[in-house]
Amino acid sequence: MPPDTTVEPQQTALSGVARVLVHAGKLNARTAEDLARSARERKTGFVSAVVAAGALKPDELAHALSGALALPLLDLNAVDTQKLPRNLLDAKTTAQYQVIVLGKRGNRLFIGAADPTDQEAVERIKFATQLTPEWVIVEYDKLMRQLEAQGQSATEVLESLAGEDFDFDVSDDTTASPEAEISTEVEDAPVVRFLQKMLIDAINARASDLHFEPYEYNYRVRFRIDGELREITQPPIAIKDKLASRIKVISRMDIAEKRVPQDGRMKLKFGSKAIDFRVSTLPTLFGEKVVIRILDPSSARLGIEALGYEKVEKDRLLAAIQRPYGMILVTGPTGSGKTVSLYTCLNILNQPGVNIATVEDPAEINLPGINQVNVNDKAGLTFSAALKAFLRQDPDIIMVGEIRDLETADIAIKAAQTGHLVMSTLHTNDAPTTLTRLLNMGVAPFNIAASVLLITAQRLARRLCEVCKKPADYPREALLKAGYTDADLDGSWKPYRAVGCSACNNGYKGRVGIYQVMPITEAIQRVILSEGTALDIAEQAQREGVRDLRQSGLVKVRLGVTSLEEVITVTNE
């Protein structure tokens, strides 16, 4: 029997993408009919059935449809999917019709799809967006990976998330207002589940902060991962007030007060693990922005080896914390890991025979065996008031969250001079400028010289991903300009650069500390007593072999831990 007498009856039963593939000669009619029947039985799309059966590879299928239908073809791997618009079409529609929004121009909406023949999808998208869909062919497997990544986006979670139960422990730090007690009505199940999912996702992604940000026309959630903010989802803007109220209830804030910033804490329990969160609200033009800081106690128990100190820096720090009295200062910008460094030292010193007291605003990491106090300015419990009380509590080691004023500095220095080891932080750029900052506060030079043992300045740089990092060919001039010497460039090592893969975030995974560890030697004491400048102190420290932050970062580049671009960025003062 001639082939065309069997093909024609089969073709009449085919429609959409199946007919296109048969006409293009990519499938015979009988195979197409079998695949169409299989798709109907399994309630899947025809394209899915073709790929699952191995009849065509995803790239072959995409090229065939692009050529047959004269539609553009796009490689999703070449697109930064984090920057694609997510508020033009809801997640339920994109998942149902297996499409992805690529962009908008005028009244045209560019839609990526593996099957552009779905007329129902066209009408639904037109109705939902009031825009005209323009099809772009994408490969089925890459589209499915992207939809899977977006599948747990906010809209879908709000509508249908069902998972294990979680328990919030309400903080006892403050007293809830009557309005907060009444507001348990806010426990709208989708909002509760959405919040729980965002917190769990943030923990799993190793995020340090979550940002819930309301704008005029959209609402977005961002995570800070390895120091970089990344947009995670854009939930419906209608939930912004409910979500803020829910967070304020479990953080023991006043939900009726939306005009001033508020601070609170909450705890999330899942299984045997409990994670603390510090919560801050801020009134903005279009609602309250909420930032949640994840406080992970395990970070203080990592040990000093995990923080990234080189051997000479680690030995200097360990020698200083074993001294019976004096002051150790850690300096750096917000988010540079100062608290983790201090608590790592306290963890080393935390022994049954030692009395340790800390005053913080607020206490971020809970360590058993250490007496921790939260600052409460309204009640008069300031840093200086807590320090005065500590001195009557027979302490061996005192940790002050931050030295902000002359009164706190004076009491801390007197404690360091009277048999106590005092640790604290300041916000300065490097170790030498910390000493001049104390002088500018009004602390006498002889008090600084007599009490300060060591100053550590630090930054956090992103670690290169061990899976995908590759050697980099930087011009010799660029390496010299960055701070290397001719002797350093002896050819025995090669720098690495970030590449990016599925296991990391744009070529980086995790962070490592960069440190300037400066012991206060007799020579530096003489510079302080002669009222030398920060430059004079820095020059003396260099003569004594103290690496500045840039030099310490360049060591990390030599070791292949981070990239030259990252070091230049974080140490560019």
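Computed from heavy atoms alone, side chains included, the values below leave out hydrogens, waters and symmetry copies. This chain uses plain numbering: 1 for the first residue, then up along the sequence.
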Asn371 side chain to Gln393 side chain, donor-acceptor N/O pair below 3.5 angstrom: no
Whether the Thr284 and Glu213 side chains hold a donor-acceptor pair (N or O, under 3.5 Å, no angle test) is what I'd like checked. no
Going by heavy atoms in the side chains, are [X] and [Y] under 4.5 Å from each other?
{"X": "His420", "Y": "Leu391", "result": "yes"}
{"X": "Leu342", "Y": "Thr339", "result": "no"}
{"X": "Ile514", "Y": "Val567", "result": "yes"}

Rounded at 0.5 Å granularity, tell me how far [atom1] in [X] sits from [atom2] in [Y].
{"X": "Leu435", "Y": "Thr331", "atom1": "CG", "atom2": "OG1", "value": "10.0 Å"}
{"X": "Gln458", "Y": "Leu307", "atom1": "CD", "atom2": "CG", "value": "8.0 Å"}
{"X": "Tyr309", "Y": "Ser341", "atom1": "OH", "atom2": "OG", "value": "4.0 Å"}
{"X": "Met518", "Y": "Ile455", "atom1": "CE", "atom2": "CD1", "value": "4.0 Å"}
{"X": "Arg278", "Y": "Ile294", "atom1": "CZ", "atom2": "CD1", "value": "12.0 Å"}
{"X": "Gln525", "Y": "Ile537", "atom1": "CD", "atom2": "CD1", "value": "11.5 Å"}

Closest non-hydrogen atom pair between [X] and [Y], with its separation:
{"X": "Ile398", "Y": "Ala415", "value": "CD1-CB, 4.3 Å"}
{"X": "Leu460", "Y": "Gly335", "value": "CD1-O, 3.6 Å"}
{"X": "Lys338", "Y": "Leu426", "value": "CD-O, 4.1 Å"}
{"X": "Leu243", "Y": "Phe194", "value": "CD2-CE2, 3.8 Å"}
{"X": "Gln516", "Y": "Val546", "value": "CG-CG1, 4.1 Å"}
{"X": "Cys504", "Y": "Lys509", "value": "CB-CB, 4.1 Å"}

Stepwise, does the side-chain hydrogen bond (donor to acceptor under 3.5 Å, both in side chains) test hold for Ser251 with Gln262? CA-CA 10 Å; Ser251 304; Gln262 296 188 65; over 6 Å; no
Dump the intermediate steps for side chain to side chain contact (heavy atoms under 4.5 Å, CB included) on Ile568 and Arg550, then the final yes or no. CA-CA 7 Å; Ile568 291 172; Arg550 172 61 64 85; 4.1 Å; yes
[X] side chain vs [Y] backbone, donor-acceptor pair below 3.5 Å:
{"X": "Asp430", "Y": "Thr433", "answer": "yes"}
{"X": "Asn355", "Y": "Asp394", "answer": "yes"}
{"X": "Gln551", "Y": "Asp548", "answer": "yes"}
{"X": "Ser424", "Y": "Val400", "answer": "yes"}
{"X": "Thr436", "Y": "Ala534", "answer": "no"}
{"X": "Asn374", "Y": "Ala363", "answer": "yes"}
{"X": "Ser451", "Y": "Asn447", "answer": "yes"}

Working note: Asp488 + Thr485, criterion side-chain hydrogen bond (donor to acceptor under 3.5 Å, both in side chains); need CA distance, chi angles, decisive distance, verdict. CA-CA 5 Å; Asp488 294 329; Thr485 64; 3.1 Å; yes
For [Y], is there an ion pair with [X] - N to carboxylate O distance below 4.0 angstrom?
{"X": "Arg476", "Y": "Asp486", "result": "yes"}
{"X": "Lys414", "Y": "Asp410", "result": "no"}
{"X": "Lys494", "Y": "Asp473", "result": "yes"}
{"X": "Asp263", "Y": "Arg252", "result": "no"}

Test Arg222 against Glu231 for salt bridge (charged side-chain N to carboxylate O under 4.0 Å, His left out), laying out the working first. CA-CA 4 Å; Arg222 294 192 291 174; Glu231 183 173 318; over 6 Å; no
Should Phe286 and Tyr215 be marked as a ring pair (Phe, Tyr, Trp, His ring centres under 6.0 Å) after you check the CA-CA gap, both sets of side-chain angles, and the distance that decides it? CA-CA 5 Å; Phe286 304 105; Tyr215 298 97; 7.7 Å; no
Of Arg558, Lys556, Arg547, Arg316, the residue whose pairing with Glu310 passes salt bridge (charged side-chain N to carboxylate O under 4.0 Å, His left out): Lys556
Tested for salt bridge (charged side-chain N to carboxylate O under 4.0 Å, His left out) against Glu288, the lone hit among Lys248, Arg259, Lys258 is Lys248
CA sep, side-chain torsions, deciding dist, call: Arg463, Asp226, salt bridge (charged side-chain N to carboxylate O under 4.0 Å, His left out): CA-CA 9 Å; Arg463 284 182 184 270; Asp226 294 337; over 6 Å; no
Given Thr434, which of Thr425, Asn429, Thr428 fulfils the side chain to side chain donor-acceptor pair (under 3.5 Å) condition? Thr428
Can Lys388 and Glu407 be said to form a salt bridge (charged side-chain N to carboxylate O under 4.0 Å, His left out), step by step? CA-CA 11 Å; Lys388 288 176 183 175; Glu407 184 181 10; 3.4 Å; yes
Ring-face cation of Lys240 near Tyr219 (centre distance under 6.0 Å, axis angle within 45°): no
Could you walk me through whether Thr358 and Glu360 pass side-chain hydrogen bond (donor to acceptor under 3.5 Å, both in side chains), step by step? CA-CA 6 Å; Thr358 75; Glu360 301 163 80; 3.0 Å; yes
Whether Tyr484 and Trp493 hold their rings parallel, tilted or perpendicular, with breakpoints at 30° and 60°: tilted
Apply side-chain hydrogen bond (donor to acceptor under 3.5 Å, both in side chains) to Glu466 and Tyr496, showing your working. CA-CA 10 Å; Glu466 293 296 331; Tyr496 286 85; over 6 Å; no
Tell me, with the steps shown, if Tyr508 and Glu566 meet side chain to side chain contact (heavy atoms under 4.5 Å, CB included). CA-CA 10 Å; Tyr508 297 95; Glu566 182 70 4; 4.1 Å; yes
Check the pair Arg293, Asp276 against salt bridge (charged side-chain N to carboxylate O under 4.0 Å, His left out), reporting the backbone distance first and the verdict last. CA-CA 9 Å; Arg293 164 72 55 93; Asp276 286 303; over 6 Å; no
The test is side chain to side chain contact (heavy atoms under 4.5 Å, CB included); show your working for Tyr474 and Leu564 and say whether it passes. CA-CA 9 Å; Tyr474 296 114; Leu564 184 63; 3.9 Å; yes
For the pair Tyr325 and Thr418, evaluate side chain to side chain contact (heavy atoms under 4.5 Å, CB included) and give the outcome as yes or no after the intermediate values. CA-CA 8 Å; Tyr325 57 86; Thr418 55; over 6 Å; no
